[in-house]
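Since we're looking at a predicted model, the values are computed, not measured. Heavy-atom basis, side chains included; hydrogens, waters and symmetry copies ignored.
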Amino acid sequence: MRIVISQAILCASVLAADNASAVSLGGGFDLELELTAVSDYRSYGISQTLGDPTLQTSATLVSPIGAYVGVWASGVDFGEGTKSSREADYYAGWYLPIGEDLLVDIGWLKYTYDKDSYLSQSGYYASLYYKGFGLDLKYSDNLYGDQTNSYVALSYEYPFNDSTRINVRYGVMDFKDEVIFSASGDSRSKYAEWETRIEKDYWGATWKASLIDTDMSATECMNISGYDDLCSASLVLSATKLF
C-alpha cells in the first residue's frame, strides 16, 4: 500500500505579517507570491520526491478582513506505479488576530495531482499561535475516496534576533485504520514525525535547514510509501523568496 499525505505550506503567522514584498492590489487586498527551492519535499516526515530536490511556488490573495485564497504547487515523484510529477493544492481560509499575541487560522484545502487523480483529497485545518507556540489540526475523510485521516502537531518558534529563528515541531498522523505494518506483522494506525529547523533571512530570502524524522521502521515506511528509506532522518535545505 502506498499512502500519500501531502502538505501545503500554510502559516497564519506568515500571512498576517507585514510583508513589504507583497503586491498591493488596492482596497486593502494584497497578493503574496513565494518561490522555494528545496533539497527534498518532506510531507509529514515522508519524502514526496524520492529524496530529490524540487521547486515550490505559491500565490495567495489576502483580503483586508483576513480572508484569503490561494494555490501552492510543488514537483513530486512517487516512483514506480505513479505518473504524477506535479502537486497543486488549493486553499481558502481566514486568519484572525486576537489581541497582540493570539492568532487563529481556519480553512479548507484540496490536494490535486496532474496524472494520478486517485491520490487527490480535500480536508480542513485549524491553527492556533500564541507567543511562539503553535497547535495545528488537520482532518480529511476522502483519501482514496473514503479513507479518514487526521493530524495534530505542537510547535514552538524561538527568535534569536530579527533575522534568525529556530522552530521545533512534533506531530502525529492518524489514519484511523491499522494500515501501517511492521516486519513482525504488527499493525498500527498512527505514526509520529518531528522537525527541528533553523532559518535566517539573508540576501532578500529565507534560508532554512531542517532535521526531519519519523518513528517508522524501514518496513513500515515501505508499506506506506513504497520505499524503505523515505521516512528516516534527513537534513533538508531550502531557500524561499517572497515577491
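A distance of 9.0 Å separates CZ of R165 from NZ of K200, quoted to the nearest 0.5 Å. Within the model, atoms CG of L137 and CG of L128 stand 7.5 Å from one another, a figure rounded to the nearest 0.5 Å. Here the straight-line distance linking atom NZ of K138 with atom CE of M173 works out to 8.5 Å at 0.5 Å rounding. Once rounded to the nearest 0.5 Å, the distance linking CD1 of I180 with OG1 of T219 reads 12.5 Å. Taking CD1 of I224 as the reference point, atom CZ of F175 lies at 4.5 Å (rounded to 0.5 Å). The line from CZ of R188 to CG of D174 is 11.0 Å long, rounded to the nearest 0.5 Å.
Not a single donor-acceptor pair under 3.5 Å links the side chain of E34 to the backbone N or O of T240. For the pair T57 (side chain) and A73 (backbone), a donor-acceptor distance under 3.5 Å is absent. Looking at W72, its side chain never comes within 3.5 Å of a backbone N or O of Q56 through a donor-acceptor pair. Put simply, the side chain of D228 never gets that close to the backbone of A218: no donor and acceptor are under 3.5 Å apart. A donor-acceptor contact shorter than 3.5 Å links the side chain of D215 to the backbone of A192. S47 contributes a side-chain N or O that, together with a main-chain N or O of L50, makes up a donor-acceptor pair within less than 3.5 Å. Panel note: side chain S39, backbone L237; a donor-acceptor pair is recorded below 3.5 Å. The main-chain N or O of S85 is never found under 3.5 Å from a side-chain atom of K115 such that the two would form a donor-acceptor pair. In this structure a side-chain-to-backbone donor-acceptor pair under 3.5 Å is missing from S210 to I212. Panel note: side chain S120, backbone S117; a donor-acceptor pair is recorded below 3.5 Å.
For the 3.5 Å distance criterion, the side chains of S43 and Q48 fail to qualify, holding no donor opposite an acceptor. Side-chain polar atoms of S84 and T82 form no donor-acceptor pair below 3.5 angstrom. Checked by atom type, the side-chain pair S189/K176 shows no donor-acceptor distance below 3.5 Å. Between the side chains of E87 and Y41, at least one donor N or O sits under 3.5 Å from an acceptor N or O. One side chain, S127 or D136, offers a donor N or O that lies under 3.5 Å from an acceptor on the other. Side-chain N/O atoms of T148 and D141 include no donor and acceptor closer than 3.5 Å. Between D40 and T49, the side chains place a donor N or O and an acceptor N or O closer than 3.5 Å (distance only, hydrogens not considered). The closest side-chain donor-acceptor pair between T206 and E199, if any, does not fall under 3.5 angstrom. Checking E178 against S187 by side-chain atom types alone, a donor-acceptor pair falls below 3.5 Å.
Using a 4.5 Å cut-off between side-chain heavy atoms of Ile, Leu, Val, Met, Phe, Trp and Tyr, with links allowed through other members, F133 and Y129 fall into different hydrophobic clusters. Under a hydrophobic-cluster definition in which Ile, Leu, Val, Met, Phe, Trp and Tyr are linked whenever side-chain heavy atoms come within less than 4.5 Å, directly or via other members, L96 and I106 are assigned to the same cluster.
Salt bridge absent: E193 and R42 never bring a charged side-chain N and a carboxylate O closer than 4.0 Å.
No more than 12 heavy-atom neighbours from other residues, nucleotides or ligands sit within 6.0 angstrom of NZ on K190. The environment of Y130 atom OH is sparse: at most 12 non-hydrogen atoms of other residues, nucleotides or ligands sit within 6.0 angstrom. Within a 6.0 Å sphere centred on CG of D162, heavy atoms belonging to other residues, nucleotides or ligands number 12 at most. Heavy-atom neighbours of Y124 OH from other residues, nucleotides or ligands within 6.0 Å: at or below the threshold of 12.
Considering all non-hydrogen atoms of both residues, N167 and S155 come closest at OD1-CB, 4.3 Å. Summarising the geometry of D213 relative to S232, their closest heavy-atom pair is OD1-C, 3.4 Å, with the distance given to 0.1 Å. For the residue pair S122 and S140, the shortest heavy atom distance occurs at O-OG, 2.7 Å. Shortest non-hydrogen contact noted between W94 and G66 is CD1-C, 3.3 Å. Scanning both residues, D229 and C221, for their nearest heavy atoms gives N-SG, 4.4 Å. Residues W207 and A205 share a closest heavy-atom pair of CD1-O, 3.6 Å.
In this structure, F160 has its ring center closer than 6.0 angstrom to the ring center of Y158. Aromatic rings from Y125 and Y91 are positioned such that their centres are separated by 6.0 Å or more.
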